[in-house]
Amino acid sequence: MEVLQRDPECSPPEACSVLESVSAAAACQPLSCPNHEGKVMEFYCESCETAMCLECTEGEHREHVTVPLRDVLEQQKAALKTQLDAIRNRLPQLRAAIELVGEISKQLTDRKNEAVTEISSTFEELERALHLRKTTLITDLENICCTKQKVLQAQLSSLLQGKDNIQSCSSFTEQALSHGSATEVLLVQKQMGERVSALARHTYPEQPHENGHLDCQVETEGLRRSIQNLGVLITTGAIGHTSVATGEGLRHTLVGQHTSVTVTTKDKDSELVKTGNAALRAEIMSVDGAVTTETEVVDNKNGTYEVGYTMRSEGEFSFSLLLYDQPVRGSPFRLRAVKPSDVLQSPDDVKRRVKSPSGTGGHIRQKAVRRPSSMYSTTKKKENPIEDELIYRVGTRGRDKAEFTNLQGISTSSNGRIVVADSNNQCIQVFSNDGAFKLRFGVRGRSPGQLQRPTGVTVDMNGDIIVADYDNRWVSIFSSDGKFKSKIGAGRLMGPKGVAVDRNGHIITVDNKACCVFIFQANGKLVTKFGARGTSDRQFTGPHFVAINNKNEIVVTDFHNHSVKVYSADGEFLFKFGSHGEGNGQFNAPTGVAVDANGNIIVADWGNSRIQVFDSSGSFLSYINTTADPLYGPQGLSLTSDGHVAVADSGNHCFKVYRYLQ
């Protein structure tokens with residue numbers, strides 16, 4: 001402060017360099033010691049990094065290393081100069097960043113202007129089409145009317161002619177009878193008789209030859225709805241340096257074998273982007289920079305993308321993943337392709353070969369404590385030599401039995417059944433505990449008993465199947481064989497996702513859209529509801545699934561708040577656990593949740609594609625090892641009656657069952 005006050009030109013301080021301030025201090029009167037009045041600070045304590053007077057060196061600093069102030073000045077100036085050089089070296093990076101952001105801003109403005117032009121052109125074309133249709137309708141109307149009028153006018157002319165003939169004949173005959181002499185009447189009698197008889201026999205077109213029906217019916221309601229929804233503005237907040245790629249295919253692949261990796265897009269705050277349409281491209285190049293392999297990108301429309309490729313030759317390659325022309329985290333990756341005959345076969349060798357090197361990008365390694373294989377109650381030989389707790393998987397992408405498209409919720413029953421909500425196929429599929437297909441039911445529609453977007457599913461104590469239907473905004477109840485019984489929550493729910501039944505038979509429903517939890521009686525009467533949108537303990541941001549623990553408490557996964565929250569049976573907040581991240585006990589958007597007989601809480605970690613296990617108080621215990629057949633955006637999760645964990649592996653369009661030792 002004293003240095004800056006002595007030099008009035010050094011204001012504000014940001015305008016002066018550190019070296020100029022030091023030079024100003026050297027050129028002015030030496031500074032006085034604040035602890036000993038009148039004493040000049042001539043020494044410097046290296047331990048305390050401060051200046052002092054002679055008395056200070058003999059006092060509180062007597063055991064410290066002190067040197068004359070002038071001796072250390074040059075050393076400190078050199079150190080500051082080094083620091084200054086370091087920050088100046090960042091200027092090129094900042095200039096490049098400014099140029100890049102400016103270019104993106106320009107691209108954004110250009111695209112906006114192009115979109116405005118396209119919108120204007122499209123609607124002008126539609127206006128022309130409407131005007132043309134209007135002209136065509138009017139022209140056709142005039143033609144039809146003219147044709148019908150010609151028919152009617154011809155009929156009218158014939159009738160008028162007949163009328164005139166009859167009137168003329170009648171008038172002549174009446175006049176002859178009234179004023180003619182007997183001779184005159186007798187002379188014209190024959191001609192008049194024939195004329196009257198002819199007119200009497202003549203057939204006239206007395207019935208209309210046309211009708212007056214001519215309307216214009218224009219059905220506008222559907223068109224108005226279409227116009228209201230005409231045009232979709234497509235954008236996304238995804239950026240490259242926060243988005244991540246996962247999968248062993250980033251670094252290892254076999255020649256001739258189709259391999260895919262998953263890219264999960266995130267925004268500037270590292271929050272998951274849940275919409276598609278991002279501009280993602282992949283390049284695989286040889287060491288000489290030549291593009292060697294074609295890649296394909298599949299947009300899952302949920303913020304994740306599958307990048308597939310098939311290598312045709314062995315060797316080392318550079319695998320680049322570019323989101324809006326910017327590399328995702330860790331890109332480019334060093335990819336090694338080997339022939340299938342060169343693959344090492346021992347378990348230890350395979351583990352070494354597929355292990356991701358430490359560094360950015362790549363799949364997050366689970367650090368679960370491995371259980372000895374002797375504890376497993378199976379003798380089934382694994383085809384994959386990596387040790388894993390997967391027992392089996394069921395399903396591929398499709399619409400047939402045991403095929404799924406974006407499955408969501410999963411539940412189990414005490415009589416050994418696994419029930420799956422097949423969301424995009426608008427149906428429920430039922431399997432046995434060993435994965436055998438048993439039953440499928442559900443018809444797409446918006447009437448009671450139909451399914452539009454089933455997301456959550458549970459089985460009550462009577463065996464009835466309870467389904468949360470997100471798009472129909474209600475909860476449907478079916479018998480165990482799929483017969484519709486009733487629906488509840490209509491008019492209250494905005495977007496139900498997870499559903500569970502507590503010990504009182506109450507149906508607990510998580511409303512993902514309204515960010516709250518409803519508690520209904522089985523007959524649909526509302527008991528209570530709690531929650532609102534927000535980040536506090538009693539609030540949610542996109543809650544997903546729900547489970548009931550052995551104390552009849554309600555366990556809810558809070559997707560965008562990256563936590564799990566526990567409430568009493570009547571909705572009073574008890575505690576929460578979890579934070580945003582990739583470490584033990586952290587979440588990147590939790591989804592499915594289940595509770596075992598001991599109260600341990602099992603959570604599907606959607607963004608990190610893993611399953612974590614916590615004790616009843618929320619302390620992290622372990623992972624379920626899913627390494628050999630990695631999960632891809634797991635959703636619902638449940639415990640089977642024989643103690644295994646069933647999870648809806650939504651991104652892989654299947655469900656998997658893992659061993660779980662309580």
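These figures come from a predicted structure and were not determined experimentally.
In this structure, E103 places its CD atom where more than 12 heavy-atom neighbours from other residues, nucleotides or ligands lie under 6.0 Å away. More than 12 heavy atoms of other residues, nucleotides or ligands shown are found within 6.0 angstrom of CD on Q107.
No donor-acceptor pair under 3.5 Å is formed between the side chain of D605 and the backbone N or O of S609. Under a 3.5 Å cut-off, the side chain of D422 and the backbone N or O of C427 do not form any donor-acceptor pair. Panel note: side chain S243, backbone K266; a donor-acceptor pair is recorded below 3.5 Å. Checked by atom type and distance alone, the side chain of N608 pairs as donor or acceptor with a backbone atom of G581 at under 3.5 Å.
D325 and R281 are joined by a salt bridge, as a carboxylate oxygen and a charged side-chain nitrogen come within less than 4.0 angstrom of each other. The pair K656-D629 counts as a salt bridge, with a side-chain nitrogen and a carboxylate oxygen less than 4.0 angstrom apart.
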Only distances under 3.5 Å count here; give the side-chain donor-acceptor pairs of residues 84-94 to other protein atoms, sequence neighbours excluded, each with its distance to 0.1 Å.
unit_1: D85; atom_1: OD1; unit_2: K81; atom_2: NZ; d: 3.2
unit_1: D85; atom_1: OD2; unit_2: K81; atom_2: NZ; d: 3.3
unit_1: N89; atom_1: ND2; unit_2: D85; atom_2: O; d: 3.1

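Rounding to the nearest 0.5 Å gives a distance of 5.0 Å between CZ of R399 and OG1 of T405. The CG atom of D511 sits 9.0 Å away from atom NZ of K513, with the distance rounded to the nearest 0.5 Å.
Proximity of the aromatic rings of F655 and F437 is defined here by a centroid distance below 6.0 angstrom, and this criterion is not met. Separation of the Y660 and H644 ring centroids does not fall under the 6.0 Å cut-off. With ring centers used as reference points, Y309 lies under 6.0 Å from F319.
The aromatic rings of H580 and H562 sit parallel to each other, their planes meeting at less than 30°, with 60° as the upper class boundary.
Qualifying side-chain hydrogen bond (donor to acceptor under 3.5 Å, both in side chains) partners for S579, counting only residues two or more places apart in sequence or in other chains: Q586.
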